[in-house]
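Single-structure report; data block below.
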Amino acid sequence: MSSVVRQRASAVKANVKSKTSKAGWVLPRSDSSFADPGVWTNIDCDVTPVERRTWSAWTMFGYWFSDALNAQSWMAPASIIALGLTWREAVVCIIFGSLVCTVPLVLNGMVGAKLHIPFPVAMRASFGWYFSRFAVVVRAITALFWHAIQTYTGSTAMTQIIRSIWPSYLDIPNHIPDSVGITTQGMISHLIFWSVQFPILLIPPHKLKWFFVAKCVLVMVVSIAVVITMTSKAGGTGEIWNLPYGVDGTDRSWLILSSLSSITGGWATMATNIPDFTRYLKSDKGVYWQVLFLPGIQLVLGLFGIICCSASKVVYGKYIWDPLEIASHWDGPAGRCGAFFVGLCWVVAQIGTNLSANVISCANDICCLFPKYINIKRGVILATITAAWIMQPWKIIHSAQSLLAFMAGLGIFLAPIAAMLSADFWVVHKQHYDVPGLYRANGRYRYNKYGINWRAGIAFLVSVCPTIPGMAASVQPSIGPTIGDANKLYFMFYFWGYTSAFVVYVVLSHFFPCPETQIPTTIYEDADVISAAEDKADSDVADEKKAAEVETSPV
């Protein structure tokens, strides 16, 4: 026994010592189906093998149920009604905003479902070998921001769990300056939540099926219980159903459009890299069900938020959109018991959302950018440490509304990326890709020696540049008067960004095509190229024989 312990200790010591040099971090070279010889790659970047294509339409339903059930979805109507609209406009914005988002979700989801390739690889077809890395970096940064925000939300849920057991936890004296943006007690909650979340993030997603099932059941049961509790306390659902409009005329119309775009922009990240998940589908038919899944789940949770917010006005004298803040008002044995389950519900919900939407996606992006040093596990560790601690999400939440506006504005960069993935696959290349060519630096999708598809670059600039003044005004309101009506285009940034990039890219590709990327049928294997070449050679020989027979035949 002692010898085994000594051997393991020696192995750990040797491993730690090896990490003191750059060479110690180099990963073993993995075999790839199509990558160039000598190129570092890994199974997560490769085409999904048949044995891993296990997802069905029900799996997609479970995925979206798990992903959309988070505190942000509960609070989605908050900003809409707070700006002066009513619950009717909030419901319309949730439904149609989500439906708009399902367009790129379905179009881009088909790329993964049909070709079984991840998002970073799929982007090479439209952006080019090197320019595609820009799209991957933008997506990774967005995932880091959202992981930071949702991790901090999880820490507030952890506070409810702890204070429900030990009420004195809220009385911990603060020793952190106000300028930091967090209290000592809040920092402890953040550390505890992150420590609970960290080992779960390291578990491969395909082994967490029952975790996601448990999340769906727990969140729905607790959410319904909170609605019943609040309406019972209020003696009804409150007066929010009769609230008057806070704005009128054209301002109201622009506000509705802006709210619609905000709902859509909130799902801009998933609409962009959805191939990372649909690549595991057994059949591409499961992609279409997203049209019902996302809007339905969003609407249910949004209505829960509206009802509880309205009831909170009656019970506590103010509108409270955050379910965790509602639970913070519950005292006494029964109240603390309820607060415990609300806290547990959103702790599980935030971990599940971070897994399904943020950390794994970011880790996959980093892995494809640096396959020699980063695998999925290392990517997860790097992503969660960066988002939870280096980015200091408590500062983002506490003192920087402008940063929150900037995060929402990240959708202006994601919209054209999603649009060109859709346009390239469905219109420009008519669903026919050379899959092996996507994995080769000098393949047909390099476009030029710089690895940049200039058509995508122009479409990206046309989409993004007109909306930048509006984004700047949302981050720094003081410059609003100087840009005049230019900010109105920003109110519909996703509609403009997606549509303009789609149209410009298609038009440029039509009038200035790249012939080497145009193929008559999808190439899944290198053997398909050989077979196609042999068929063409046989056809040419047959044509030559036929021509010779015609020339020698009697008239």
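For reference, positions follow the sequence shown, starting with 1.
What you find for W74 and C308 is that their closest heavy atoms are CZ2-SG, 3.7 Å. Listed here is the closest heavy atom pair of I412 and Y490: CG2-CE1, 3.9 Å. Across all non-hydrogen atoms, the minimal contact from A113 to V287 is CB-CG2, 3.6 Å. V219 and A349 make their closest contact through CG2-CB, 3.8 Å (heavy atoms, listed as atom of the first residue, atom of the second, distance). The two residues P416 and V464 make their nearest non-hydrogen contact at CG-CG2, 3.9 Å. What you find for G109 and T278 is that their closest heavy atoms are O-OG1, 2.7 Å.
Looking at S463, its side chain never comes within 3.5 Å of a backbone N or O of A501 through a donor-acceptor pair. Checking side-chain atoms of W394 against main-chain N and O of I182 turns up no donor-acceptor pair under 3.5 Å. Looking only at distances, a side-chain donor or acceptor of T184 sits under 3.5 Å from a matching main-chain atom of H175. In this structure a side-chain-to-backbone donor-acceptor pair under 3.5 Å is present from Q290 to L105. In this structure, T183 contributes its side chain and G186 its backbone to a donor-acceptor pair below 3.5 Å. A distance-only check finds no donor-acceptor pair linking the side chain of W496 to the backbone of L489 [under 3.5 Å]. Panel note: side chain T156, backbone T153; a donor-acceptor pair is recorded below 3.5 Å. A donor-acceptor pair is defined here as one N or O able to donate and one able to accept, closer than 3.5 Å; such a pair exists between the side chain of N108 and the backbone of A418. Judged by distance alone, the side chain of R336 and the main-chain N or O of S164 form a donor-acceptor pair under 3.5 Å. Between the H147 side chain and the L355 main chain, no donor and acceptor come within less than 3.5 Å of each other.
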Please report the C-alpha distance between Y498 and T264 in whole Å, then the side-chain angles of each, then the deciding distance to 0.1 Å, and finally whether the side chain to side chain donor-acceptor pair (under 3.5 Å) criterion is met. CA-CA 11 Å; Y498 189 89; T264 305; over 6 Å; no
Could you walk me through whether Y288 and M110 pass side-chain contact (heavy atoms from CB on, under 4.5 Å), step by step? CA-CA 9 Å; Y288 295 110; M110 276 297 181; 3.1 Å; yes
Walk me through it: do S328 and Q160 pass the test side chain to side chain donor-acceptor pair (under 3.5 Å)? CA-CA 7 Å; S328 70; Q160 292 306 312; 4.8 Å; no
Go through V226 and F304 one step at a time and tell me if the side-chain contact (heavy atoms from CB on, under 4.5 Å) criterion holds. CA-CA 9 Å; V226 171; F304 286 168; over 6 Å; no
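Judged as a side chain to side chain contact (heavy atoms under 4.5 Å, CB included), and not counting sequence neighbours, the contacts of R88 are T86. For T353, the side chain to side chain donor-acceptor pair (under 3.5 Å) test picks out K215, with sequence neighbours left out. Considering only residues two or more places apart in sequence or on other chains, L218 meets the side chain to side chain contact (heavy atoms under 4.5 Å, CB included) condition with V222, L344, C345, V348. Looking at residues two or more places apart in sequence or on another chain, you find no side chain to side chain donor-acceptor pair (under 3.5 Å) involving Y494. Residues passing the side chain to side chain contact (heavy atoms under 4.5 Å, CB included) test with L292 are W289, sequence neighbours excluded. For N364, the side chain to side chain donor-acceptor pair (under 3.5 Å) partners at least two apart in sequence or on another chain are D276. Take A143 and apply the side chain to side chain contact (heavy atoms under 4.5 Å, CB included) test, not counting sequence neighbours, and it matches R139, C362. By the ring pair (Phe, Tyr, Trp, His ring centres under 6.0 Å) test, Y316 pairs with H329, sequence neighbours left out.
Using modelled atom types and a 3.5 Å distance limit, the side chains of R53 and T48 yield no donor-acceptor pair. For the 3.5 Å distance criterion, the side chains of Y169 and S189 qualify, holding a donor opposite an acceptor. Using modelled atom types, one finds a donor on one side chain and an acceptor on the other under 3.5 Å when comparing T59 with S56.
For residues 97-116, no pair satisfies ring pair (Phe, Tyr, Trp, His ring centres under 6.0 Å), with sequence neighbours left out. Applying the salt bridge (Lys or Arg N to Asp or Glu O under 4.0 Å) definition to pairs two or more places apart or across chains, those involving residues 317-331 are R163-D331, K318-E325. Residue pairs that meet the salt bridge (Lys or Arg N to Asp or Glu O under 4.0 Å) test with at least one member in residues 343-366, sequence neighbours left out, do not exist here.
Contact of the S223 side chain with the W346 side chain is registered, since non-hydrogen atoms from C-beta on lie closer than 4.5 Å. When side chains are defined from C-beta on, V342 does not count as touching I161, because their heavy atoms never get closer than 4.5 Å. Contact check for N354 versus Q197: side-chain heavy atoms found under the 4.5 Å cut-off. With a 4.5 Å cut-off on side-chain heavy atoms, S361 and F119 do not count as touching. Side-chain contact between P275 and L421 is present, with at least one heavy-atom pair separated by less than 4.5 Å. At a threshold of 4.5 Å between non-hydrogen side-chain atoms, the residues T54 and Y280 do not count as touching. At least one side-chain heavy atom of P177 sits under 4.5 Å from a side-chain heavy atom of V180. Counting only heavy atoms from C-beta outward, the side chains of L201 and W194 never approach each other to under 4.5 Å.
Note that CG of D284 is 10.0 Å distant from CG of L115, once rounded to the nearest 0.5 Å. To the nearest 0.5 angstrom, N358 atom CG is 9.5 Å from Q350 atom CD. The CE atom of M391 sits 14.0 Å away from the CD1 atom of I385 when rounded to the nearest 0.5 Å. Rounded to the nearest 0.5 Å, atoms CD1 (I376) and CG (L202) are 11.5 Å apart. Taking OG1 of T159 as the start and CD1 of I162 as the end, the distance is 6.0 Å to the nearest 0.5 Å. Taken to the nearest 0.5 Å, the CE atom of M492 stands 14.5 Å off from the CD1 atom of I256.
Ring geometry for W241 versus W87: interplanar angle over 60°, hence perpendicular rather than tilted (30 to 60°).
With a 6.0 Å radius and a threshold of 12 heavy atoms from other residues, nucleotides or ligands, F96 has its CZ atom at or below the threshold. In this structure, F495 places its CZ atom where more than 12 heavy-atom neighbours from other residues, nucleotides or ligands lie under 6.0 Å away. No more than 12 heavy atoms of other residues, nucleotides or ligands lie within 6.0 Å of CZ in F341, so this atom counts as exposed by the packing criterion.
When each of F277, W267, F293 is checked for a ring pair (Phe, Tyr, Trp, His ring centres under 6.0 Å) with W64, only W267 meets the rule.
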Output a table of donor-acceptor pairs, distance under 3.5 Å, between side-chain atoms of residues 229-236 and any protein atom two or more places apart or on a different chain; print 'none' if there are none.
{"from": "T229", "atom 1": "OG1", "to": "A225", "atom 2": "O", "distance (Å)": "2.8"}
{"from": "T231", "atom 1": "OG1", "to": "V227", "atom 2": "O", "distance (Å)": "2.8"}
{"from": "T231", "atom 1": "OG1", "to": "I228", "atom 2": "O", "distance (Å)": "3.1"}

